[in-house]
Amino acid sequence: MTIKAKFIDKILNDIILSLKKLGADETSPVYEIPPSKEMGDIAFPMFKYAKTLKQNPALIAEKVKEGLKGNELMDKIEIKGPYLNIFFNKNLIAYDLLKDILDKKDDFGRQPDKKIKVAIEFSSPNTNKPLHLGHCRNNALGDSIAKILIFNGYETVKINLINDRGIHICKSMIAYKKFGNNTTPEKEGKKSDHLVGDFYVKYAQEEKNNPEIEKEALELLNLWEQNDRETHELWVKMNKWALDGIKETYKRMGIEFDQLEYESDNYLLGKDLINEGLNKNIFYKEEDGSIWVNNEDAGLDKKVLLRSDGTSVYITQDIGTAAKRHDKYNFNRMIYIVGSEQIYHFKTLFTILKKMGFDWADKCIHLSYGMVNLPSGKMKSREGTVVDADNLMDLLYDMSMEVLNEKGRDLTEQEKKETAVKISLSALKYYLLNFSTVKDVMFIPEKSISFDGNTGPYLQYTTARLNSLFNKSEDAGVLNNQSVFNHKFNEDEANLVISLLEFEDAVIKAGETLSPLEICSYLYDLARTFNKFYHDNPVIRAETKEIKNIRLLLSKASLIILMNGLKLLGIDDLKKM
RNA sequence: GGCCCUGUAGCUCAGUGGAUAGAGCAGAAGUUUCCUAAACUUUUGGUCGGACGUUCGACUCGUCUCAGGGUCACCA
């Protein structure tokens, strides 16, 4: 139970008692956070009792207030029309809260072990081109959601399904065979995945003039499926280039996985299950021998599961892969983090799994996210209108370095480089996470990534100021109940206490809604509240020793929570900036 | 055409039944002999795409409608 929930619980009892005196049978009154902090810390709207009590809600609020006996947790009770607004006793909250934060440190906010296992599939790149901005969003989301779930007490398995076979791979291979002259990344001085991507673009260009080339790609795919030696050697070579480069990008972004699955290992999975389903009459066979499922009862269409030649389609291996994963991990939930263009596909997949009698089908979720668009429109890898992940990180690094050279304090060259890396990544990740997942992201290169305002670097800046503060202060504050209880919290301090109190709720809500945005919004609010406090209230040079102590404690708690929150976003805090 | 998603300030976005709809950027005006000015303060700017309905109460729910996007492959 969170600190806040404990407090509210104790207040709730009094409200319930008071309501009962008036004749309202209430066991769990609704409450909300008032729109502004001047109105109080928690509010009870009285609208719903107007009907049963046949009284004006404002009057009911008055009466409920009268019926409340003194409770030390409540500092002040105000009636604003139909609302009963309560101000918490900041001293009591602050003591419990600060004690908990300082005791638990990086575990503050962590929820108890839920004994629930969640498999998360994300990233899932194709090995025919480098990662682009869309993958960055996927990676940032998957990484952050996994961290949020772990912090919420779930056990997670992060899975990356590498799409290393299929016609798209053969297209890069054909272009290499035709125009590659046996070149290598070393010869070209190119990052290996970029070289593979160049051939994919080359193929697309060639296809415009010479549509016949597609036949060659298909032939190559056939050769690959027949285990043709030469084809496999090329495939292995180019896949390694692509994957090595992609792995480098993951490393640079700080993205890690527990399991790598390869489509080339999985693509034959599912066939047996389809035939099994055919025997059970869940599926049916067309005259040409192809096997179908009719999902019209679920509001979907018919869908082919095995081609007339007996080969499998995309969804066939997804069925097999899902079943294999369930056998292997025995997950309680599986989350697919895949773009919104595949919403229909996953609806179909889950419907089929359910028809096949897998009771765990209901535990699979497609967490779809919107596309990343450019002002010029949609990103298209074939047309070369993509924002490449490596190039983008380079650009952001250079921008960070420029600002650091201008403003950075007291940093060695080495520290500057490390700091620029951290700043550039925080700008990118925070930008991509600070959107509702369902929404498309509009990416305007010159404008989107800034280091001012509601950004990752702003949060890092706040941690750098805090770290600097503790470097300059000989002690970090001692939690002494007398000093906390006797302290008269001013507005900035009180706001900070309330903001600190909200962290646990933000963590829980982010976990329930699979939404890193929840953490972003919370951290930004906390950082703003802290910066305002820090701007207007001297800490080291506070008027008295007691006040200094309280403010150091509040600052320490702020730093701990900022660090914990940033970790959930996959962002590093900074000691200096 | 069917289904799904989105439409909130000049721009980019929060806000999903409640109190005057919030941020950032951009624009205007301020704050550094002071713990990091990548900060802080003040300020300009909105018929929440439109219409009707449900409700004591709607940006939030329902129906219709307009606009943009996605999807409806024996591609992945």
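Each chain gets a letter, A, B and so on, in the order its sequence line appears, and its residues count up from 1.
Ring-to-base geometry does not place A:Tyr534 in a stacked arrangement with B:A39 (centre distance under 5.5 Å, plane angle under 30° required). For A:Tyr344 and B:C72, the ring-to-base geometry does not satisfy the stacking test (centroid distance below 5.5 Å, interplanar angle below 30°).
The side chain of A:Gln342 has B:A76 as its nearest neighbour among B:A76, B:U36, B:C56. Taking every side-chain heavy atom of A:Arg409 into account, B:A37 is the closest of B:C35, B:C74, B:A37. Considering only the side chain of A:Arg307, B:A76 comes nearest among B:A38, B:A76, B:U6. Comparing atom distances between the A:Phe435 side chain and each of B:U36, B:A14, B:G18 picks out B:A14 as nearest. Taking only side-chain atoms of A:Pro538, from C-beta outward, the nucleotide of B:G15, B:C13, B:C35 with the closest atom is B:C35.
Shown here, B:U54 is classed anti by the O4'-C1'-N9-C4 or O4'-C1'-N1-C2 angle, which is more than 90° from 0.
Separating the P atom of B:C74 from that of B:G18 is a span of 45 Å, rounded to the nearest Å. Between the P atoms of B:U44 and B:C35, the separation comes to 32 Å (whole Å). The same atom, P, is picked in B:C13 and in B:A19; the two are 25 Å apart, to the nearest Å. Rounded to a whole angstrom, the distance from the C1' atom of B:G45 to that of B:C11 is 12 Å. Taking the P atom of each, B:C66 and B:A9 are spaced 22 Å apart, rounded to whole Å. Straight-line distance between the P atoms of B:U42 and B:C64: roughly 46 Å, to the nearest whole Å.
Across all strands shown, A:Ile167 has heavy atoms under 4.0 Å from sugar-phosphate atoms exclusively, and none from any base. Within 4.0 Å of A:Asp410, counting heavy atoms only, lies no atom of the nucleic acid at all. Residue A:Leu306 is classed as having no contact, given no heavy-atom separation below 4.0 Å to the nucleic acid. Backbone-only engagement by A:Ser436 is indicated by non-hydrogen atom pairs under 4.0 Å involving sugar-phosphate atoms exclusively. Within 4.0 Å (heavy atoms only), A:Val313 reaches sugar-phosphate atoms of the nucleic acid but no base atom. Using a 4.0 Å heavy-atom cutoff across all strands shown, A:Glu263 reaches sugar-phosphate atoms only and no base atom. Residue A:Lys575 is classed as a base contact, given a heavy-atom separation below 4.0 Å to a base. When heavy atoms are screened at a 4.0 angstrom cut-off, A:Tyr458 is found touching the sugar-phosphate backbone but no base atom. Here A:Asp164 lies out of heavy-atom contact (under 4.0 Å) with every strand. Within 4.0 Å of A:Leu404, counting heavy atoms only, lies at least one base atom of the nucleic acid. Here A:Ala50 lies out of heavy-atom contact (under 4.0 Å) with every strand.
Distances shown here put a side-chain N or O of A:Ser468 below 4.0 Å from the OP1 or OP2 atom of B:U36. Within the structure, a side-chain polar atom (N or O) of A:Arg465 is placed less than 4.0 Å from OP1 or OP2 of B:A37. Of the side-chain N and O atoms in A:Lys439, one or more sit less than 4.0 angstrom from OP1 or OP2 of B:G7. Listed pair A:Lys472 / B:C35 fails the phosphate criterion, with no side-chain N or O lying under 4.0 Å from OP1 or OP2.
Side-chain contact between A:Ser340 and A:Tyr369 is absent, with no heavy atoms from C-beta onward closer than 4.5 Å. In this structure, A:Leu569 and A:Lys429 have side chains that are not in contact, with every pair of non-hydrogen atoms separated by 4.5 Å or more.
Geometrically, A:Lys171 does not engage A:Tyr203 in a cation-pi contact, judged by NZ or CZ lying under 6.0 Å from the ring centre and within 45° of the ring axis. In this structure, A:Lys556 forms a cation-pi arrangement with A:Phe470, its terminal cationic atom sitting closer than 6.0 Å to the ring centre and no more than 45° off the ring axis.
Salt-bridge formation is not detected for the pair A:Asp505/A:Lys509: no Lys NZ or Arg NE/NH1/NH2 atom is positioned less than 4.0 Å from an Asp or Glu carboxylate oxygen. Under the 4.0 Å criterion applied to side-chain N and carboxylate O atoms, A:Glu212 and A:Lys215 are assigned as salt-bridge partners. Salt-bridge check for A:Arg165 with A:Glu225: passed, with a basic side-chain N closer than 4.0 Å to an acidic carboxylate O.
Looking at A:Gln317 and A:Lys271, their side chains never bring a donor and an acceptor atom within 3.5 Å of each other.
The NZ atom of A:Lys347 sits 12 Å away from the C1' atom of B:G2 (whole-angstrom rounding). Going from atom CG of A:Leu300 over to atom P of B:U71 covers 16 Å, rounded to whole Å. Between the CG atom of A:Leu523 and the C1' atom of B:A14 there is a distance of 15 Å, given to the nearest Å. With rounding to whole Å, A:Met442 atom CE is found 12 Å from B:U8 atom P. One atom, OH of A:Tyr314, and another, P of B:C72, lie 12 Å apart when rounded to the nearest Å. Remark: P of B:A39 and CG of A:Asn537 are 19 Å apart, rounded to the nearest angstrom. Rounded to an integer number of Å, the gap from A:Leu517 CG to B:A14 C1' is 7 Å. At whole-Å resolution of the value, CG in A:Leu559 and P in B:C35 are 19 Å apart.
Looking at A:Thr463, its side chain does come within 3.5 Å of a backbone N or O of A:Gln460 through a donor-acceptor pair. Using a distance-only test at 3.5 Å, with no hydrogens or angles considered, no donor-acceptor pair links the side chain of A:Ser499 to the main chain of A:Asn495. The backbone N or O of A:Gly511 lies less than 3.5 Å from no partner atom in the side chain of A:Ser515, so there is not a single donor-acceptor pair. For A:Glu286 (side chain) and A:Asp288 (main-chain N/O), no donor-acceptor pair under 3.5 Å exists by modelled atom type.
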Heteroatom pairs (N/O) under 3.5 angstrom, protein to nucleotides 19-25 of chain B:
residue, atom, partner, partner atom, Å
B:A19, N1, A:Asn85, OD1, 3.2
B:A19, N1, A:Asn85, ND2, 3.1

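Where pairing requires Watson-Crick or G-U contacts shorter than 3.5 Å, the helical stems of RNA chain B with at least three consecutive pairs are B:1-7 with B:66-72, B:10-13 with B:22-25, B:27-31 with B:39-43, B:49-53 with B:61-65.
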Quick one: do A:Lys76 and A:Glu78 satisfy salt bridge (Lys or Arg N to Asp or Glu O under 4.0 Å)? Show the steps, please.
CA-CA 7 Å; A:Lys76 196 165 51 158; A:Glu78 278 182 359; 3.5 Å; yes
Could you go step by step and tell me if A:Arg325 and A:Glu121 meet the salt bridge (Lys or Arg N to Asp or Glu O under 4.0 Å) rule?
CA-CA 11 Å; A:Arg325 281 181 192 164; A:Glu121 179 195 303; 2.8 Å; yes
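If you find the closest nucleotide of RNA chain B to A:Ser312 and to A:Val441, the one lying nearer the 5' end belongs to A:Val441. Nearest-nucleotide mapping onto RNA chain B: of A:Asn373 and A:His345, the residue sitting toward the 5' end is A:Asn373.
Aromatic ring orientation, A:Tyr83 versus A:Phe47: perpendicular (interplanar angle above 60°, classes split at 30° and 60°). Between A:Phe530 and A:Phe533, the angle of the ring planes lies from 30° to 60°, which puts this pair in the tilted group.
Within residues 53-60 of chain A, no residue places a heavy atom under 4.0 Å from RNA chain B.
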